[in-house]
Peer 1: 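Pasting in a structure now, in structure tokens, and then I'll have a few things to ask.
Labels below follow one simple rule: chain letters A, B, ... track the order of the sequence lines, proteins then strands, and each chain is numbered from 1. A quick note: this is a predicted structure, and the numbers were derived from the prediction, not measured.
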Amino acid sequence: MKPMNRSLPDSSPLPSSRLPPVFFRQVETESLARKLLGVRLVTVVRGVRTSGEIVEVEAYLGRNDPACHASRGKTGRNAMMFEAAGHCYVYLIYGIYHCVNVVSDPEGVGSGVLIRAVTPMEGIETMRRRRGRADMSDVARGPGRLCQSFGITASFCGEHFATSQRIWLEPFTTYSREQIAISGRIGISAGQELPLRFFVKHSPWVSGTRR
DNA sequence: TATACGATCACCT
DNA sequence: GGTGATCGTATAC
């Protein structure tokens with residue numbers, strides 16, 4: 001067991017650079033997915049800040065997308081996907097790992113963007129410690145690894161990226177269409193051919209390969 | 001109540 | 001290239 005850490009949670013004002021609620025209200029989920037590339041994901045857990053630049057995402061399109069958790073309607077597990085855009089939807093996968101999503105549609109729809117990989121920026125030693133493996137190159141490559149590094153667990157489900165004190169998004173850089181690659185989504189069976197995975201071309205930090 | 005399986009990863013050959 | 005880990009949830013009985 002770790003020694004108790006009773007340092008105060010970060011009570012500093014919200015950074016002015018944080019992305020506002022309107023950012024999340026894109027007309028298309030794919031637009032939000034593209035715009036999340038180059039955005040900085042930040043968490044503060046037990047007073048420690050970790051951050052990284054998002055380089056890979058996937059879009060999940062509600063009712064009409066068989067791969068989307070929301071495609072068969074609202075359940076206890078996926079209920080957060082049906083909340084308003086900007087909410088944080090976290091779920092447990094394979095009984096072991098967590099995956100984090102940005103809800104992308106108005107209340108009741110059930111779409112979102114899965115964050116699949118980031119380029120580590122701040123708190124790298126913390127990330128490595130949380131991962132329990134020394135290798136820096138894998139620290140935030142893949143949705144499960146990234147949640148582990150950033151300390152994201154099921155308790156983050158229901159936070160809002162525009163207002164949360166422990167998870168948010170900040171503008172960092174932007175990419176043109178030419179700098180973004182598109183492919184099918186990874187690890188799904190239905191709808192895997194759909195071009196809903198977006199990643200930064202040539203980035204060494206993106207996860208698994210597929211077309 | 002029982003069972004099948006998953007938006008993954010690590011480790012093996 | 002393949003496979004086992006591991007458990008909450010959804011669905012079937």
Peer 1: Counting just side-chain N and O atoms, does A/Arg133 come under 4.0 Å of either OP1 or OP2 of B/dC11?
Peer 2: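 For B/dC11, OP1/OP2 do have a side-chain N/O of A/Arg133 under 4.0 Å.
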Peer 1: Indicate whether OP1 or OP2 belonging to B/dA7 is found under 4.0 Å from a side-chain N or O atom of A/Arg197.
Peer 2: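 For B/dA7, neither OP1 nor OP2 has a side-chain N or O of A/Arg197 closer than 4.0 Å.
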Peer 1: Rounding to an integer number of Å, can you tell me how far A/Arg141 CZ sits from B/dA10 C1'?
Peer 2: 12 Å
Peer 1: Between B/dA10, B/dA7, B/dG6, spot the one nearest the side chain of A/Arg116, thanks.
Peer 2: B/dA7
Peer 1: For A/Arg131 and A/Gln148, which I'm curious about, is there any donor-acceptor pair between the side chains at under 3.5 Å?
Peer 2: yes
Peer 1: Check the distance between C/dA12's P and A/Arg72's CZ and give it to me in whole angstrom.
Peer 2: 8 Å
Peer 1: Which one is paired to C/dT6, where only Watson-Crick or G-U wobble pairs with both distances under 3.5 angstrom count?
Peer 2: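 By the stated definition (distances under 3.5 Å), nothing pairs with C/dT6.
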Peer 1: Strictly below 4.0 Å: does A/Arg145 bring a side-chain N or O up to OP1 or OP2 of B/dA10?
Peer 2: yes
Peer 1: What is the separation between atom CG on A/Asp135 and atom C1' on B/dA10, rounded to the nearest whole Å?
Peer 2: 12 Å
Peer 1: The side chain of A/Cys99 lies closest to which of these nucleotides: B/dC9, B/dT8, C/dT9?
Peer 2: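 Nearest listed nucleotide: B/dT8.
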Peer 1: Base, sugar-phosphate alone, or nothing: which one does A/Ile96 contact when heavy atoms must sit under 4.0 Å apart?
Peer 2: base
Peer 1: In whole angstrom, give the distance that lies between atom OH of A/Tyr94 and atom P of C/dT3.
Peer 2: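 For the pair A/Tyr94 OH and C/dT3 P, the rounded distance is 15 Å.
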Peer 1: Is it true that A/Arg34 and A/Thr174 share a donor-acceptor pair across their side chains at a distance under 3.5 Å?
Peer 2: no
Peer 1: Round to the nearest Å and state the distance from A/Tyr89 atom OH to C/dG8 atom P.
Peer 2: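 Between P of C/dG8 and OH of A/Tyr89: 15 Å.
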Peer 1: Roughly how many Å apart are B/dA7 and C/dG1, using the C1' atom of each and rounding to a whole number?
Peer 2: 23 Å
Peer 1: Would you call A/Arg185 and A/Asp65 a salt bridge, using N to O less than 4.0 angstrom?
Peer 2: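 Looking at A/Asp65 together with A/Arg185, the answer is yes, because their closest N to O distance falls below 4.0 Å.
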Peer 1: Could you tell me whether a side-chain N or O of A/Arg40 sits under 3.5 Å from a main-chain N or O of A/Glu170, the two making a donor and an acceptor?
Peer 2: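 No; zero donor-acceptor contacts below 3.5 Å.
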Peer 1: Ring of A/Tyr60 versus six-membered ring of B/dA7: centres under 5.5 Å and planes under 30°?
Peer 2: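 Here A/Tyr60 meets both the 5.5 Å and the 30° conditions.
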Peer 1: Remember a base hit wins even if backbone is also touched, and classify A/Asp138 as base, sugar-phosphate or nothing at under 4.0 Å, heavy atoms.
Peer 2: nothing
Peer 1: In terms of side-chain heavy atoms of A/Arg77, which of B/dC9, C/dT11, C/dT9 is nearest?
Peer 2: C/dT9
Peer 1: Atom CG of A/Leu92 and atom P of C/dT9: how far apart are they, to the nearest Å?
Peer 2: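 Atom CG in A/Leu92 sits about 8 Å away from atom P in C/dT9.
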Peer 1: Go ahead and name the base partner of B/dA7; Watson-Crick or wobble counts if both distances stay under 3.5 Å, otherwise write none.
Peer 2: none
Peer 1: Using a heavy-atom cut-off of 4.0 Å across all strands, would you classify A/Gly144 as base, sugar-phosphate, or nothing?
Peer 2: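 Touches sugar-phosphate only.
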Peer 1: Grab the NZ-P distance between A/Lys74 and C/dT11 for me, whole Å please.
Peer 2: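 In whole Å, C/dT11 P and A/Lys74 NZ are 15 Å from each other.
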Peer 1: Expressed as a whole number of angstroms, how long is the span from A/Ile93:CD1 to B/dC9:C1'?
Peer 2: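 A/Ile93 atom CD1 is separated from B/dC9 atom C1' by 11 Å.
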Peer 1: Compute whether any side-chain donor of one residue and acceptor of the other, for A/Thr50 and A/Thr126, lie under 3.5 angstrom apart.
Peer 2: no
